[in-house]
Each structure stands twice: as C-alpha cells, then as structure tokens.
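By convention in this document, chain letters (A, B, ...) are assigned in the order of the sequence lines, proteins followed by strands, and residues within each chain are numbered from 1. What you see is a predicted model; the values in this text were computed from it and never measured. For the numbers below, each heavy atom of this structure counts, side chains included, while hydrogens, waters and symmetry mates do not.
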2 protein chains.
Amino acid sequence: MTFEDILPASPSCADCPIRHRAVCSRCDERELGQLEEIKYYRSFEAGQMVIWSGDKMDFVASVVSGIATLTQTLEDGRTQMVGLLLPSDFVGRPGREFAPYNISATTDLLMCCFRKKPFEEMMFSTPHIAQRLLEMTLDELDSAREWMLLLGRKTAREKIASLLAIVAQRDAAVKLRTQRGRMIFDLPLTREAMADYLGLTLETVSRQISALKREGIIELEGKRHVTVPDFDRLLNEAGDDADGGLPT
Amino acid sequence: MTFEDILPASPSCADCPIRHRAVCSRCDERELGQLEEIKYYRSFEAGQMVIWSGDKMDFVASVVSGIATLTQTLEDGRTQMVGLLLPSDFVGRPGREFAPYNISATTDLLMCCFRKKPFEEMMFSTPHIAQRLLEMTLDELDSAREWMLLLGRKTAREKIASLLAIVAQRDAAVKLRTQRGRMIFDLPLTREAMADYLGLTLETVSRQISALKREGIIELEGKRHVTVPDFDRLLNEAGDDADGGLPT
DNA sequence: ATAGAACCTTGACCCAAATCAAAGAGAGCA
DNA sequence: TGCTCTCTTTGATTTGGGTCAAGGTTCTAT
C-alpha cells in the first residue's frame with residue numbers, strides 16, 4: 001500500500017508524498033525532482049519506536065499509512081501524548097538537530113522521509129516552502145493550544161467526545177467526504193493511548209465510552225469500530241462547537 | 001520606560017525592538033530602516049483587551065514592558081490560558097488574518113507593533129527573517145507541548161512549583177543573571193490568572209502556595225513578592241528537571 | 001481616617017476521577 | 001479445542017481538587 005491508495009493525487013504534484021499538508025501545492029518540476037532525490041521510505045511495526053526524545057533526528061517525514069504518536073513522560077512514568085500523526089501529517093523540525101519527543105508507531109507505519117540537510121537547503125532557497133512550513137507549524141501550535149483547553153478545563157466525558165469527534169472528522173476528510181450525520185470509523189488507538197492523549201486513566205476512558213454507548217450517542221461493534229448516528233449530538237457533548245483541531 | 005530600559009541593546013541592532021526573540025540578530029542597515037518605517041507603539045491599561053479571538057489582527061508585535069496573556073474559553077465561561085507574554089516575547093502570525101485567541105493586558109502594557117502587510121513582505125523577501133520566525137514558532141510549539149504534559153499529568157502542587165520555577169527563571173534571564181540558589185521576584189499574575197494557566201481553581205492555587213510557604217520552599221512578602229531560598233528544592237517539587245519551557 | 005472594591009486565604013463538605021481489584025473477550029497459536 | 005496474552009470492562013473504594021461560604025488584606029478614592 002502506498003500513499004496513493006490513501007490520498008488522492010494532486011494533479012499538479014502527483015509524486016510528492018507530502019503534498020497535502022506540506023510543501024507541494026505550488027511545487028514546480030525542478031522542486032519535485034529535488035524532493036525525489038532525497039526521499040526514502042521507512043516502515044515500522046506496531047509498537048515500535050520511531051525515535052526517542054533527545055536522539056538525533058536527521059530527517060523530516062510525512063506519514064503515508066498508519067498511526068504514530070508524539071509523547072512526553074515524567075521521570076516516574078506518567079506520560080502525556082502531545083500529538084497524533086495520521087496519514088498525510090508531517091513531522092520534523094527544520095533547523096533542529098534533536099527530537100524533542102518520543103515518536104512511536106501505534107499501528108504498522110509507513111513514512112516517507114526526506115534527508116534533513118538537503119531538505120533544509122531546499123527550504124532556504126525556495127520561499128514558498130519556508131512559508132508553507134511556517135503555516136503548518138502555526139496550525140500545529142493552534143491545535144496544541146486547543147488541546148490545552150481540553151486538558152485544563154474539560155470533563156472526562158467532554159474529553160472523550162472531543163476525541164471521537166476529531167477522529168471522526170479526520171477519517172471523513174481522508175475519505176473525502178464531510179458530513180454531519182451518520183459517521184462510521186475505526187478508533188486508531190487503544191484505551192490506554194486515548195487516556196494518555198486526554199490526561200485520564202484507561203479505566204475512566206472505558207467507563208465514559210460505555211456511558212456514551214449506553215446513551216446511544218455512539219454505537220460500538222467490537223472494541224474499535226464506532227458508529228456515530230448523529231454527529232451534532234456527539235459534538236454537543238464535547239463542550240464546544242469546535243470544528244476539530246488536534247495536535248499535529 | 002522603553003524597551004531599552006528593560007532589555008540590553010544588541011550592538012549590531014540597537015534600534016530593532018524585536019531583536020531578542022525575533023528577526024533581528026542578523027539584521028542589516030537596510031532591514032532596520034524598513035522595520036523602523038512600519039513600526040509604532042501601542043499601550044494598554046491593566047485589564048484591557050488587546051484583541052478578541054476572531055477579530056482581524058493586522059499587526060505583529062513585541063512586548064516592550066508589562067504582561068499579556070493569551071486565553072481560550074468555552075461557552076460556559078471556563079477559561080484556559082494558553083500563553084503568557086513577557087517583555088521581549090513576540091506575538092503575531094504572518095499569513096493569518098484573524099486572531100485565534102483573546103489577548104489581554106494583565107498589567108499596564110507597552111507593545112511595539114509592526115503593520116502586518118509590510119512585515120510579511122519583508123519576511124518573504126528576507127530569508128533569515130522567515131527562518132527566524134519558523135524557529136520562534138517551533139519554540140512556542142515545544143513550550144505549548146510541555147504545558148500539555150503539565151496540564152494532563154501533574155498534580156496541583158507540581159503545577160504551582162513548575163509555574164514558580166518558570167517565572168523565576170524568566171525573571172533571572174531578564175535581569176541577565178542565571179542562578180540556581182536564592183531567587184527573588186514578583187509574581188506577575190493574580191491567583192485567578194495562575195489558576196487559568198494551570199487548569200486549577202483559584203482556591204487550590206492559594207492553598208498550594210500556602211503549603212509551599214509553610215514548608216519553607218518559598219517565602220512570601222505580601223501576596224506577590226516571592227523569595228525562593230533554594231531553587232533546586234523548588235524544581236524538585238515541579239515533578240521533573242525541566243529547564244523551564246512556557247507557552248510563549 | 002474611612003468606605004468600598006478587588007484580591008486573597010481558610011474551612012467544611014462533596015464529587016469526579018483515580019486507584020485497586022477482578023473478571024470477560026478476542027486474537028493468535030499449538 | 002483449548003491456552004495464553006493483551007486489551008477491555010466493571011465494581012468497590014479512596015482521594016485530590018472543586019465548590020460553597022465566610023472572613024481577612026491591601027489599595028484606592030473620597
């Protein structure tokens with residue numbers, strides 16, 4: 001499976017794997033050629049570490065398929081997820097040598113990587129790429145801050161509803177349909193990973209999901225397959241009208 | 001009082017008010033002249049709103065003196081601070097038309113503003129400025145994510161200790177001395193503002209400050225004037241060895 | 001000086017979510 | 001078919017921090 005299977009090609013930029021959130025909506029032939037030269041693929045198994053916080057990170061990358069998470073931990077093991085990488089998301093920090101978080105694959109993961117040095121050189125010589133990167137970073141910052149509001153002020157139920165709403169919307173976006181009625185998708189995270197994302201325990205996550213199910217706000221088939229019969233009703237439980245916004 | 005009183009001038013860039021965290025460590029004469037043409041000062045009284053979330057924001061700016069906060073709120077009034085602007089901090093979003101958060105002055109505030117349009121033009125034609133802005137935005141993102149760990153996983157006591165440690169370090173940095181022993185500074189925030197920053201209630205903030213005082217980890221004179229007799233001991237209460245990191 | 005407002009502290013009580021514990025459900029495999 | 005491992009659910013109990021309430025401080029204005 002390649003990114004082609006997951007994301008429809010942009011006609012002007014068919015072979016650029018990071019065209020969706022990154023540099024390529026305005027790439028010309030020369031730039032595409034340059035990107036082609038410095039790109040390579042890496043795949044990871046579910047549970048595998050992509051990079052440890054503090055390690056040297058000599059690439060930037062785009063998620064082709066699978067899910068990765070960015071996490072931070074305290075010394076005693078308490079962990080907080082600070083970002084979730086879904087297909088088409090970009091990760092990497094031009095101008096930074098070391099990774100600031102743990103990045104790990106929660107499912108099998110395929111990433112399209114670019115060597116950092118040449119990527120940076122390209123960025124410095126190509127204004128629209130630097131602009132695009134700044135724009136992306138500002139998007140991430142907005143998402144991180146929206147998540148701060150969730151972590152600091154929302155109840156457990158609101159947190160769960162917000163997460164479900166965001167995953168549902170991301171899923172709908174990937175499938176190229178935006179709807180506000182019935183939505184069906186698979187949760188890409190374990191209860192524990194959700195807990196780490198929301199600043200809760202896994203038991204609380206489980207209980208709140210059960211409660212939403214009991215009340216008919218969601219339907220569950222197995223542990224992961226979710227049907228949302230009425231998206232607006234779910235959104236209503238999320239504590240705001242926020243149209244999504246998730247860290248990275 | 002001008003920024004000159006607060007921040008030492010960089011010799012190569014004496015008149016550029018955003019030299020410290022923004023664009024000017026490598027500015028040449030021509031660029032300085034351009035900045036001079038588009039800059040203006042705005043002052044605000046304590047409690048005044050600088051801008052409302054969603055409003056058009058046609059400037060970028062640097063804090064000269066005073067404190068400003070970035071906040072987000074839910075419809076029912078629960079509010080979460082997502083950033084704290086201290087002297088020398090930069091605020092603004094090249095390429096964005098509308099403000100994503102409320103910005104308000106918590107003390108009297110002086111900002112050095114640049115009209116956005118010409119600032120952006122300058123950025124697009126000057127590679128080192130775009131790079132510097134990207135770097136700054138990545139710093140903010142790291143700080144926001146560090147704050148996510150605090151909001152999601154730290155106890156009330158650890159939150160307070162973390163905030164005190166950060167304010168102490170920022171204060172020491174402005175005074176151009178870095179120390180790890182005795183530190184003396186004034187809290188720039190009310191108990192309520194601290195609560196909004198930390199995702200707590202003001203009563204809990206007050207109780208935890210009292211507890212730290214009772215145990216001799218801090219000394220208080222009045223409500224705001226703090227002495228930290230042993231900085232390492234305070235840091236120890238913060239739950240990690242983190243060397244600061246605060247949302248902008 | 002005095003009144004009022006804004007801010008802060010402390011106490012009593014309560015509750016949402018954490019913790020501790022045990023048992024179910026699926027998936028893979030021998 | 002049953003075994004085992006991982007993930008999930010549910011129950012019982014505890015607790016950190018929220019809520020409600022009453023005073024205390026400090027500052028400003030008169």
Below 4.0 angstrom, N of the basic side chain to O of the carboxylate: do [X] and [Y] qualify?
| X | Y | result |
| --- | --- | --- |
| B/K154 | B/E237 | no |
| A/D139 | B/R93 | no |
| A/E215 | A/R157 | yes |

Just the rounded figure in Å: distance from [atom2] of [N] to [atom1] of [X].
| X | N | atom1 | atom2 | value |
| --- | --- | --- | --- | --- |
| A/K159 | C/dA17 | NZ | P | 8 Å |
| A/E221 | C/dG26 | CD | P | 11 Å |
| A/R214 | D/dG11 | CZ | C1' | 13 Å |
| A/I209 | D/dT10 | CD1 | C1' | 14 Å |
| A/R78 | C/dA17 | CZ | P | 18 Å |
| A/D196 | C/dA17 | CG | C1' | 16 Å |
| B/L202 | C/dT10 | CG | P | 13 Å |
| B/L220 | C/dC7 | CG | P | 18 Å |

### Message
C/dG26, OP1 or OP2 - any side-chain N/O from A/R224 closer than 4.0 Å?
### Response
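Answer no for this pair, as no side-chain N or O of A/R224 is under 4.0 Å from OP1 or OP2.
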### Message
Please enumerate all residues that pass side chain to side chain contact (heavy atoms under 4.5 Å, CB included) together with B/T204, with sequence neighbours excluded.
### Response
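Result, side chain to side chain contact (heavy atoms under 4.5 Å, CB included) vs B/T204: B/A156, B/L200, B/T201, B/Q208.
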### Task
Take the C1' atoms of the five end pairs on each side of the helix from C/dA1-D/dT30 to C/dA30-D/dT1, derive the two axes, and give their angle rounded to 10 degrees.
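Answer rounded to 10°: the end axes differ by 30°.
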Acceptor/donor pairs from residues 42-57 of chain A side chains to any protein atom, 3.5 angstrom cut, sequence neighbours excluded:
from: A/Q48; atom 1: OE1; to: A/E45; atom 2: N; distance (Å): 2.7
from: A/S53; atom 1: OG; to: A/P100; atom 2: O; distance (Å): 3.3
from: A/K56; atom 1: NZ; to: A/E97; atom 2: OE2; distance (Å): 3.3

### Task
Look at the side chain of B/K39 and the backbone N and O of B/C113, then say whether any donor-acceptor pair between them is shorter than 3.5 Å.
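Such a contact is absent between B/K39 side chain and B/C113 backbone.
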### Query
Counting distance only, does the side-chain N/O of A/D89 pair as donor-acceptor with the main-chain N or O of A/L86 below 3.5 Å?
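Confirmed, A/D89 side chain pairs with A/L86 backbone.
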Which pairs of donor and acceptor atoms, one on a side chain in residues 77-85 of chain A, lie under 3.5 Å apart (sequence neighbours left out)?
from: A/R78; atom 1: NE; to: A/D76; atom 2: OD1; distance (Å): 3.2
from: A/R78; atom 1: NE; to: A/D76; atom 2: OD2; distance (Å): 3.1
from: A/R78; atom 1: NH1; to: B/R153; atom 2: O; distance (Å): 2.8
from: A/R78; atom 1: NH1; to: B/E158; atom 2: OE1; distance (Å): 2.8
from: A/R78; atom 1: NH2; to: A/D76; atom 2: OD2; distance (Å): 3.1
from: A/R78; atom 1: NH2; to: B/E158; atom 2: OE1; distance (Å): 3.3
from: A/R78; atom 1: NH2; to: B/E158; atom 2: OE2; distance (Å): 2.8
from: A/T79; atom 1: OG1; to: A/D196; atom 2: OD2; distance (Å): 3.2
from: A/Q80; atom 1: NE2; to: A/D196; atom 2: O; distance (Å): 3.0
from: A/Q80; atom 1: NE2; to: A/Y197; atom 2: O; distance (Å): 3.1

Pairs under 3.5 angstrom only: tabulate donor-acceptor contacts from the side chains of residues 217-228 of chain A to other protein residues two or more places apart or in another chain.
from: A/R224; atom 1: NH1; to: A/L187; atom 2: O; distance (Å): 3.2
from: A/H225; atom 1: ND1; to: A/D186; atom 2: OD1; distance (Å): 2.8

### Task
Select base, sugar-phosphate, or nothing to describe what A/S206 touches, counting heavy atoms under 4.0 Å on all strands.
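A/S206: base contact, heavy atoms under 4.0 Å.
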### Query
How does each nucleotide of nucleotides 14-30 of chain D score, in 5' to 3' order, for protein heavy atoms under 4.0 Å: base (B), sugar-phosphate only (S), or none (-)?
---SSBB-----S----
